[in-house]
Colleague: 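Attaching a single structure in C-alpha cells format; questions to follow.
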Amino acid sequence: PDSVALLLRTSGTTSLPKIVPLTLGSIVRNATILANELGLTPSDVALNAMPLFHIGGLSASILAPLATGGSVVCLPSFRPETFCDALVAGPVPSRPTWYSSVPTIHLAVMRHASTFRRMIPHSLRLIRSGAADLGHSKALEMRRVWGGIPVVPSYSMTECMPIAQCPPDYELGKPGTVGRPLTSLRIIRHEEPGGGFREAPVGVAGEICIAGPNVMAGYAGSGRAAREANESAFAALAPDGRRFFRTGDLGYLDSDGYLYLTGRAKELIKVSGEQVSPYEVEAVLGRHRDVHLSLAYGIPDEIRGEVT
C-alpha cells in the first residue's frame, strides 16, 4: 500500500508544475471513498469522457466504479452528440446511470440536449461536477434539463482526490458549496509571528489545509525546488505535530460543516490595504445573465496599490 503507483504533474497554476507521487493505498482508498459517498452499486454504469492522464478521470470515472464492481463506458473522445448518443445506447440495464466531469463538458452536453424537443430518455440518476466552479444557476439549469436528478458539486486536487463532496441526494440548497470534507480538514486564518497557525472560526475564510492517509505525503524529487515546495506545502497544525498539506485555496466552513471556496491565497488583490478575492468578483459578475465568462485580476495603481 505504501508503494508509489502513479506519478502525476500538478497543473502549475501558481508555479512550475510539480510531480505528485500517489501510493497504491491512497489511490484505492480515495476510489472507495468516492464510491461510498456517491452511493455507487455494482449495477451502476459510469460514462467517461474525461482524459485519463488527470486524477479526475482516473479516480472518479474509472476506479470508483471498479471499487464497487460497477461498469464504465469510455468514449474515444468528447463530442456532445456522441455523449448523448451513449446515454441511450443499448438496453436500459446497461445504459449509464451517472457521470463525473468538468463544467465545460456539462454545459456543452446540456446545450446539445436542450436542442431536442423532448427530454432524452436517459437512465442517469446523478451527475458529479468538479475541477472548476459550475455556478449555482448553471447547476439549477442542468437539473431542470435532466429531469430533476441531483447535481453533485465536489472539490479535489491532484494531491488528494477527493477533498470534499456533496451527498448524492444534494438538492442545490447551499449555493456555492463544494460539499462536506471527506478527509481531515482545517481552515487556517493567521500565521502567527512564531511560525504557528490559528484555526478560523465557522464562517470565516482562511487557507484550506488537509491531512490523512489519502493525502500525498510529499512532492517527488531531491533537488532544491522539490525541497522548497515541500517545506512551504506542509505545516504542523495538530498538537501531536501531525502535518497538514496547505492547499493554497481559501475557503470557509458553515455551521453544517459544508465547505465554500473563496479564492487562492496567492491570487488575493490588495486594494487600498483591503484583501480582495478575484474569485468573489468573478462570482458576482457570473450571476449576470449576459456574462458568459469573467476574469478578475490585479492591476498596479499608484494611489490604491492595486485595482481590479
Colleague: So, taking the atom named OG in Ser156 and the one named CD in Gln165, what distance separates them when rounded to the nearest 0.5 Å?
Modeller: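 That separation rounds to 7.0 Å.
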Colleague: State plainly whether one hydrophobic cluster holds both Leu261 and Ile210, where clusters connect Ile, Leu, Val, Met, Phe, Trp and Tyr through side-chain heavy atoms under 4.5 angstrom apart.
Modeller: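 Linked, Leu261 and Ile210 end up in one cluster.
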Colleague: Spell out, as yes or no, whether a donor-acceptor pair under 3.5 Å connects the side chain of Arg243 to the backbone of Ala211.
Modeller: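 Side chain of Arg243 to backbone of Ala211: no pair is present.
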Colleague: Which heavy atom of Leu124 sits nearest a heavy atom of Ile149, and at what distance?
Modeller: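 Result for this residue pair: O-CG2, 3.5 Å.
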Colleague: Please tell me if the side chains of Val109 and Phe78 come closer than 4.5 Å, counting only heavy atoms from C-beta onward.
Modeller: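 Heavy-atom side-chain distance check passes, below 4.5 Å.
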Colleague: Evaluate the side-chain proximity of Arg180 to Pro167: yes if any heavy-atom separation is below 4.5 Å, no if none is.
Modeller: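 They are in side-chain contact.
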Colleague: Rounded to the nearest 0.5 Å, how far apart are CZ of Arg143 and CG of Leu172?
Modeller: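 These two atoms lie 5.5 Å from each other.
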Colleague: Which heavy atom of Glu199 sits nearest a heavy atom of Ile188, and at what distance?
Modeller: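 For Glu199 and Ile188, the tightest heavy-atom pair comes out as CA-CD1, 4.2 Å.
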Colleague: Taking Arg287 for the side chain and His136 for the main chain, is one N or O donor matched with an acceptor at less than 3.5 Å?
Modeller: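 Checked: no pair found.
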Colleague: The criterion is ring pair (Phe, Tyr, Trp, His ring centres under 6.0 Å); which residues satisfy it with Phe234, sequence neighbours excluded?
Modeller: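 Only Phe245 meet the ring pair (Phe, Tyr, Trp, His ring centres under 6.0 Å) criterion with Phe234.
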Colleague: Could you tell me if the side chain of Pro150 sits less than 4.5 Å from the side chain of Pro168, heavy atoms only?
Modeller: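 Counting from C-beta outward, Pro168 and Pro150 never come under 4.5 Å.
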Colleague: Please round to the nearest 0.5 Å and tell me the distance separating atom CD1 of Ile208 and atom OG1 of Thr247.
Modeller: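 Interatomic distance, Ile208 CD1 to Thr247 OG1, rounded to 0.5 Å: 5.0 Å.
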Colleague: Taking the side chain from Arg246 and the backbone from Cys209, do they hold a donor-acceptor pair closer than 3.5 Å?
Modeller: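 Flag not set: sc Arg246 to bb Cys209 has no pair under 3.5 Å.
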Colleague: Heavy-atom distance under 4.5 Å between the side chains of Thr177 and Asp254, does that happen here?
Modeller: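 Side-chain contact under 4.5 Å: no.
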Colleague: Taking Leu107 as the starting point, is it possible to reach Leu75 by hopping between hydrophobic residues whose side chains are less than 4.5 Å apart?
Modeller: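 Looking at the clustering, Leu107 is in the same group as Leu75.
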Colleague: Please report the shortest heavy-atom distance between Gly206 and Ile187, naming the atom on each side.
Modeller: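 Nearest pair, atom of Gly206 first, then Ile187: N-CG2, 3.4 Å.
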Colleague: Under a 4.5 Å side-chain heavy-atom rule over Ile, Leu, Val, Met, Phe, Trp and Tyr, are Met161 and Ile105 clustered together?
Modeller: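 Met161 and Ile105: separate clusters.
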Colleague: Give the minimum heavy-atom separation between Ser154 and Gly130, together with the two atoms involved.
Modeller: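 Taking every non-hydrogen atom into account, OG-CA, 3.6 Å.
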Colleague: Hey, are the side chains of Met216 and Pro21 touching, using non-hydrogen atoms and a 4.5 Å cut-off?
Modeller: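 Side-chain contact under 4.5 Å: yes.
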Colleague: Does Leu185 share a hydrophobic cluster with Met157, counting links as ILVMFWY side-chain heavy atoms below 4.5 Å and allowing steps through other members?
Modeller: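 Yes; Met157 is reachable from Leu185 via cluster members.
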Colleague: Considering residues, nucleotides and ligands other than Asp2, do more than 12 of their heavy atoms fall under 6.0 Å from its CG?
Modeller: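 Atom CG in Asp2 is not crowded, with 12 or fewer foreign heavy atoms closer than 6.0 Å.
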Colleague: Is there side-chain contact between Asn30 and Pro162, with at least one heavy-atom pair below 4.5 Å?
Modeller: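 Asn30 vs Pro162: side chains touch.
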Colleague: How long is the gap from OH on Tyr219 to NZ on Lys18, to the nearest 0.5 Å?
Modeller: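 It comes to 4.5 Å.
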Colleague: If you define the side chain from C-beta out and look only at heavy atoms, does anything of Leu250 sit under 4.5 Å from Glu207?
Modeller: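 Side-chain contact under 4.5 Å: yes.
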Colleague: Does atom CD of Glu171 have more than 12 heavy-atom neighbours, drawn from other residues, nucleotides or ligands, at distances under 6.0 Å?
Modeller: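 Open.
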Colleague: Can you list everything that forms a ring pair (Phe, Tyr, Trp, His ring centres under 6.0 Å) with Tyr99? Sequence neighbours excluded, please.
Modeller: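 Counting only residues at least two positions away or on another chain, Tyr99 forms a ring pair (Phe, Tyr, Trp, His ring centres under 6.0 Å) with Phe83, His106.
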Colleague: What closest approach, in Å, do Thr262 and Gly251 show between heavy atoms, and which atom pair accounts for it?
Modeller: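 Nearest pair, atom of Thr262 first, then Gly251: OG1-N, 3.6 Å.
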Colleague: Determine, step by step, whether His112 and Glu81 satisfy the side chain to side chain contact (heavy atoms under 4.5 Å, CB included) criterion, reporting the C-alpha distance in whole Å, the side-chain angles of both residues, the deciding distance to 0.1 Å, and the verdict.
Modeller: CA-CA 7 Å; His112 181 72; Glu81 54 271 29; 3.6 Å; yes
Colleague: Do you reckon Tyr155 sits in the same ILVMFWY cluster as Tyr252, going by side-chain contacts under 4.5 Å, direct or chained?
Modeller: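 No, Tyr155 does not connect to Tyr252 through the hydrophobic network.
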Colleague: How far apart are the closest heavy atoms of Ala200 and Arg189, and which atoms are they?
Modeller: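 So the minimum-distance heavy-atom pair works out to CB-CB, 3.7 Å.
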Colleague: Enter the distance from Arg227:CZ to Glu231:CD here, rounded to the nearest 0.5 Å.
Modeller: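 It comes to 7.5 Å.
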Colleague: With a 4.5 Å cut-off on side-chain heavy atoms, are Thr23 and Pro1 touching?
Modeller: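 No, too far: nothing below the 4.5 Å cut-off.
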Colleague: Once you round to the nearest 0.5 Å, how far does CE of Met119 lie from CZ of Arg144?
Modeller: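 Answer rounded to 0.5 Å: 9.0 Å.
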Colleague: May I have the list of side-chain donor-acceptor pairs in residues 41-66 shorter than 3.5 Å, sequence neighbours left out?
Modeller:
{"from": "Thr41", "atom 1": "OG1", "to": "Ser43", "atom 2": "N", "distance (Å)": "3.3"}
{"from": "Thr41", "atom 1": "OG1", "to": "Ser43", "atom 2": "OG", "distance (Å)": "2.9"}
{"from": "Thr41", "atom 1": "OG1", "to": "Asp44", "atom 2": "OD2", "distance (Å)": "3.4"}
{"from": "Asp44", "atom 1": "OD1", "to": "Thr97", "atom 2": "OG1", "distance (Å)": "2.7"}
{"from": "Asp44", "atom 1": "OD1", "to": "Arg125", "atom 2": "NE", "distance (Å)": "3.0"}
{"from": "Asp44", "atom 1": "OD2", "to": "Thr41", "atom 2": "N", "distance (Å)": "2.9"}
{"from": "Asp44", "atom 1": "OD2", "to": "Arg125", "atom 2": "NH2", "distance (Å)": "2.8"}
{"from": "Asn48", "atom 1": "OD1", "to": "Met50", "atom 2": "N", "distance (Å)": "3.0"}
{"from": "Asn48", "atom 1": "OD1", "to": "Ser61", "atom 2": "OG", "distance (Å)": "3.1"}
{"from": "Asn48", "atom 1": "ND2", "to": "Met50", "atom 2": "O", "distance (Å)": "3.2"}

